[in-house]
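For reference, the structure is listed below as structure tokens.
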Amino acid sequence: MSEFNIGFLIFPGITQLDFTGPFEVLSRLGTPPSLSATSKSSHARTHVVAKTMQPVSSDRGLGFLPTCTFQNCPPLDLICVPGGAGVVDALADLETVDFIRRQGSQASYITAVCVGSFLLGAAGLLKGRRATTHWAYADLLPLTGAVREKARVVRDGNVFTSGGVTAGIDFAFSIVAELAGQDVAQAIQLGIEYDPSPPFEAGHPDKASDAAISLMVQRNENARAGIKRALEALTNERKS
């Protein structure tokens with residue numbers, strides 16, 4: 001049975017839960033459906049991919065160690081691209097965008113969390129596709145050639161995009177259910193006790209207070225402007 005290679009791209013300034021949320025779910029893909037059955041996905045392997053083998057810091061200072069680089073990463077069956085403030089710099093990094101384009105062109109599943117969607121777009125993987133991203137940046141999706149869809153998780157063919165941060169956990173369960181079956185997906189959900197019951201109904205602008213929305217819009221303003229400039233620069237380069 002051939003390996004199923006799952007690759008998580010990391011770069012300076014990622015949001016750690018964009019990465020670790022789907023990692024926690026997808027790294028358990030080999031869970032068997034029952035005590036008496038063997039796993040259909042025991043051949044799944046996870047890879048943490050970066051430009052070099054040096055530690056990578058998240059946008060909150062948490063460090064991660066890559067397991068492989070762009071040069072020695074195996075062909076990926078699933079690529080996951082997280083978001084974070086570092087997306088602005090990553091959009092301008094030709095090696096990073098080329099790696100996503102190269103791996104995404106042959107992957108069975110192309111996925112992104114939050115503003116990681118814009119890196120898929122920069123690699124040309126969202127053109128004509130329905131997609132979503134963090135609500136504060138969603139109006140920029142057409143700059144990638146994508147069709148914006150208001151949803152927590154959007155699937156268009158083999159491309160999965162998700163909203164901000166925690167939404168990455170949800171698309172990961174959808175993929176586990178498709179690859180290993182619903183029994184496995186539900187067992188993993190129970191194993192990690194993924195049973196959200198937040199103390200406030202404020203996780204989406206449709207529910208949040210005007211004050212909270214205003215605060216988050218202001219806090220995201222600089223990053224949003226940076227992503228917009230980077231996408232417009234890429235568009236201009238392609239035209240020239």
Side-chain angles (χ1 to χ4, degrees), residues 1-10 14-49 58-60 62 64 67 76-84 107-117 120 130-135 138 149-208:
M1 188 177 292
S2 60
E3 289 189 350
F4 186 89
N5 288 302
I6 303 169
F8 297 87
L9 174 65
I10 62 172
I14 62 168
T15 294
Q16 66 89 8
L17 192 55
D18 285 11
F19 158 44
T20 58
F23 181 94
E24 188 65 43
V25 175
L26 290 168
S27 65
R28 296 170 183 254
L29 185 59
T31 300
S34 70
L35 292 176
S36 60
T38 57
S39 169
K40 294 189 296 184
S41 302
S42 59
H43 56 299
R45 300 289 180 267
T46 53
H47 308 273
V48 181
V49 194
S58 76
D59 54 11
R60 292 294 181 266
L62 185 63
F64 298 103
T67 60
L76 298 175
D77 298 285
L78 183 153
I79 181 171
C80 181
V81 181
S108 298
Y109 296 90
I110 304 164
T111 74
V113 185
C114 196
V115 293
S117 296
L120 295 187
R130 293 176 293 106
T132 191
T133 188
H134 188 286
W135 63 268
E149 183 169 312
K150 184 180 178 181
R152 184 166 170 84
V153 176
V154 173
R155 179 180 188 176
D156 189 330
N158 67 334
V159 177
F160 288 74
T161 52
S162 58
V165 192
T166 59
I169 298 171
D170 295 349
F171 91 74
F173 276 117
S174 298
I175 291 176
V176 170
E178 184 165 315
L179 291 173
Q182 288 192 16
D183 288 345
V184 172
Q186 290 179 26
I188 295 171
Q189 182 177 356
L190 179 60
I192 66 173
E193 201 169 346
Y194 180 55
D195 186 26
S197 181
F200 311 108
E201 286 293 323
H204 189 274
D206 289 348
K207 303 174 182 178

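Below, all heavy atoms of this structure are taken into account, side chains as well, without hydrogens, waters or symmetry copies. All of these numbers come straight from a predicted model, not from anything done at the bench.
Without hydrogens or angle criteria, T67 side chain to V48 main chain gives a donor-acceptor distance under 3.5 Å. With hydrogens and angles ignored, the 3.5 Å screen pairs no side-chain donor or acceptor of H47 with any backbone N or O of V49. When atom types are taken as modelled, the side chain of D77 and the backbone of N5 share a donor-acceptor pair closer than 3.5 angstrom. Although no hydrogens or angles enter the test, the distance criterion places a donor-acceptor pair under 3.5 Å between the side chain of S117 and the main chain of T132. Remark: the backbone N or O of G157 is paired with a side-chain donor or acceptor of R155 at under 3.5 angstrom. In terms of modelled atom types and a separation under 3.5 Å, the side chain of T133 and the main chain of G163 share no donor-acceptor contact.
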**Study point:** Evaluation steps, side-chain contact (heavy atoms from CB on, under 4.5 Å), between V176 and L26
**Key:** CA-CA 7 Å; V176 170; L26 290 168; 3.9 Å; yes
Exercise for review: Report the C-alpha separation of W135 and D206 in whole Å, then their side-chain angles, then the decisive distance to 0.1 Å, and conclude whether the side-chain contact (heavy atoms from CB on, under 4.5 Å) test is met.
Suggested key: CA-CA 10 Å; W135 63 268; D206 289 348; over 6 Å; no
Review point. Q16 and F23: side-chain contact (heavy atoms from CB on, under 4.5 Å), yes or no, with the steps?
Key: CA-CA 10 Å; Q16 66 89 8; F23 181 94; over 6 Å; no
Review point. Does the side-chain contact (heavy atoms from CB on, under 4.5 Å) test come out yes or no for D156 and E149, once each step is laid out?
Key: CA-CA 10 Å; D156 189 330; E149 183 169 312; over 6 Å; no
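Of all non-hydrogen atoms in H134 and V115, the two that sit nearest each other are CB-CG1, 4.4 Å. Summarising the geometry of T166 relative to R152, their closest heavy-atom pair is OG1-NH2, 3.0 Å, with the distance given to 0.1 Å. Between R130 and V154, the shortest heavy-atom distance links the atoms O-CG1, 3.5 Å. Closest non-hydrogen pair, F171 versus S162, comes out as CD2-OG, 3.8 Å. Minimum interatomic distance between S39 and P33 (heavy atoms only, all atoms of both residues): CA-CD, 4.3 Å. Taking both residues in full, the closest heavy atoms of C80 and V113 are given as SG-CG2, 4.2 Å, listed atom of the first, atom of the second, then distance.
Remark: I10 CD1 to D18 CG distance equals 13.0 Å, nearest 0.5 Å. L78 contributes atom CG, which lies 4.5 Å from atom CD1 of I175 (distance to the nearest 0.5 angstrom). To the nearest 0.5 angstrom, S42 atom OG is 10.0 Å from E3 atom CD. The OG1 atom of T31 lies 13.0 Å from the CD atom of Q186; values are rounded to the nearest 0.5 Å. Rounded to the nearest 0.5 Å, atoms CZ (F64) and OG1 (T20) are 5.5 Å apart. The distance from atom CG of L120 to atom CD1 of I79, rounded to the nearest 0.5 Å, is 7.5 Å.
Side-chain N/O atoms of E24 and Y194 include no donor and acceptor closer than 3.5 Å.
With F8 as the partner, the side-chain contact (heavy atoms from CB on, under 4.5 Å) test is satisfied by one option alone out of P22, P82, S27: P22. With I110 as the partner, the side-chain contact (heavy atoms from CB on, under 4.5 Å) test is satisfied by one option alone out of N158, T161, L76: N158.
Ring geometry for F4 versus H43: interplanar angle over 60°, hence perpendicular rather than tilted (30 to 60°).
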